[in-house]
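Remember, it's 1-based here, ligands and their atoms both numbered in the order they're listed.
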Amino acid sequence: MTFLELLFLLFISYYFIYVTFWIVLDCNLGLWYKTHFGLPVSAMRGQVVWVTGASSGIGRALALELAKHGVRLAVSARRAALLESLKKDCLERSNGFLSDRDVLVLPMDMLKVSNHEYYFESVLSHFGRLDVLVNNAGRSQRANWEEISVQVDRDLFELDVFSVVNLSRIVARYFLQQAGGHGHIAVTSSIAGFCPVPFSATYCAAKAAINAYLNTLRLEQRNIDVTTFCPGPVATEFLAEAFTSEPEQKYGQSTEHQKRMTAERCGQLFAASIVNKLDLAWCGLFPVNFLAYASRYPGLANIIFKILGKNTMNKIREGKL
Ligand SMILES: NC(=O)c1ccc[n+]([C@@H]2O[C@H](COP(=O)([O-])OP(=O)(O)OC[C@H]3O[C@@H](n4cnc5c(N)ncnc54)[C@H](OP(=O)(O)O)[C@@H]3O)[C@@H](O)[C@H]2O)c1
């Protein structure tokens, strides 16, 4: 075998193995590696993490995963009763690492941005510090592109983008001015932020926007770690709460009987991304993980998306394939 043939064989083998990972794993390779060989979540024991949107779904699962390893928590959302029950579950799961004072229930509406400073001060006065902000609160969308009211575009961006940016700026200023210039901001973005999915135009745009905002922060402030965590379909209350094309409407459907990652698994992968300070991580069952990888190669992605078409793409995201 000539040297060139050997090189070609190695090249083909590399891509064969690499693409196999796209198919068999439920997250990107870097994250999978860190879950096995990276820092364990317990390395964050004693740190203070503020999770928004913690009353259900991914935020709740993440909070429980962090609590299990003794991470102190501020948990926020609008439904205070669910946060109180989360606190109880966190204390139970913490194997004695956490006591009552270590989990702060902080009911808050993300849309009331003028109150963000007050909420942040509440976290600081309770714990005396904040190590990680996890911007998780958000809502999705199901609507035909041409029917979306511009008011829905605005409402969705208010929640999924502007409220996240405002809270992150307050916390970034604290990291820079009072915490020695160091800190960590994470966001629950979505694979939809870099891979177009049908019937969610505003949502895709909002997640792409938040990715862009945080990419710039990462570039400007090298001592602030930024984790953009992008799940694919996860079994949560997400669809019931999703925006439609009309203001004030909710999609109102359940994710039951759809093939989706569990919120628990998503919470574990999110926690691993945070403790290992990954810049970008994503997760999703096959073929979502495959499509997420393919989206990193625009030429390949365009061919695949054209072949699949909007209906097949929608079946994939609804877990019907
Ligand atoms: N599930 C998926 O398939 C999926 C996929 C990719 C990305 N994501 C992202 O994951 C994040 C969490 O979604 P999820 O799937 O876990 O859905 P979820 O179960 O509906 O959770 C959404 C959370 O956001 C909170 N929230 C909504 N509006 C709020 C507001 N105005 N102020 C404060 N909190 C608010 C909700 O709490 P209250 O109602 O109590 O306020 C809830 O805790 C979102 O950012 C979403 O974009 C989800």
Side-chain angles (χ1 to χ4, degrees), residues 26-27 50-65 74-86 105-113 115-116 119 134-142 155-168 186-195 197 200 202-211 214 228-243 248 250-256 258-267 269-270 273 281-285 288-289 291-292 314 316-319:
D26 66 354
C27 60
W50 184 8
V51 183
T52 70
S55 60
S56 62
I58 297 170
R60 184 175 199 281
L62 172 68
L64 287 169
E65 182 64 18
V75 286
S76 290
R78 291 164 303 176
R79 290 171 291 176
L82 291 182
L83 295 177
E84 288 296 347
S85 112
L86 169 64
V105 167
L106 187 62
M108 105 186 230
D109 186 343
M110 281 294 287
L111 290 170
K112 297 193 173 144
V113 288
N115 292 343
H116 282 184
Y119 295 127
V134 181
N135 289 295
N136 170 74
R139 287 174 60 195
S140 183
Q141 180 186 40
R142 292 295 183 276
D155 292 348
L156 200 153
F157 265 67
E158 284 296 341
L159 180 62
D160 287 12
V161 183
F162 303 133
S163 75
V164 174
V165 171
N166 191 65
L167 191 62
S168 300
V187 67
T188 317
S189 180
S190 170
I191 287 178
F194 58 84
C195 168
V197 289
S200 297
T202 320
Y203 181 68
C204 290
K207 292 301 187 184
I210 199 63
N211 292 354
L214 291 176
T228 307
F229 181 70
C230 300
V234 179
T236 66
E237 296 174 5
F238 200 54
L239 271 189
E241 290 296 310
F243 285 92
E248 311 293 333
K250 288 184 181 178
Y251 190 57
Q253 303 228 347
S254 149
T255 56
E256 232 180 309
Q258 295 188 355
K259 191 180 94 180
R260 284 171 173 257
M261 176 174 277
T262 63
E264 290 68 28
R265 173 69 179 152
C266 186
L269 291 169
F270 200 174
S273 312
W282 67 81
C283 60
L285 303 176
V288 173
N289 195 29
L291 290 178
N314 196 43
I316 291 172
R317 73 98 65 101
E318 305 262 286

Exercise for review: Could you point out which residue of Cys195, Ser189, Cys283 forms a side chain to side chain contact (heavy atoms under 4.5 Å, CB included) with Cys230?
Suggested key: Ser189
Review point. Under 3.5 Å, is there a donor-acceptor pair between the side chain of Ser140 and the main chain of Ala242?
Key: no
Check your understanding: Quick check: does any side chain N or O of Ser76 sit under 3.5 Å from a backbone N or O of Leu106, one acting as donor and the other as acceptor?
Key -> yes
Review point. Are the side chain of Asn136 and the backbone of Thr52 linked by a donor-acceptor contact shorter than 3.5 Å?
Key: yes
Study note, to complete from the structure: Contacts for ligand 1, heavy atom under 4.0 Å, by chain and number, are Gly53, Ala54, Ser55, Ser56, Gly57, Ile58, Ala77, Arg78, Arg79, Met108, Asp109, Met110, Leu111, Asn136, Ala137, Gly138, Leu159, Thr188, Ser189, Ser190, Tyr203, Lys207, Pro231, Gly232, Pro233, Val234, Thr236, Glu237, Phe238, Arg260
Review point. Would you say Thr262's side chain and Arg265's backbone share a donor-acceptor pair under 3.5 angstrom?
Key: yes
Review point. Is Arg79 salt-bridged to Glu241, cutoff N-O under 4.0 Å?
Key: no
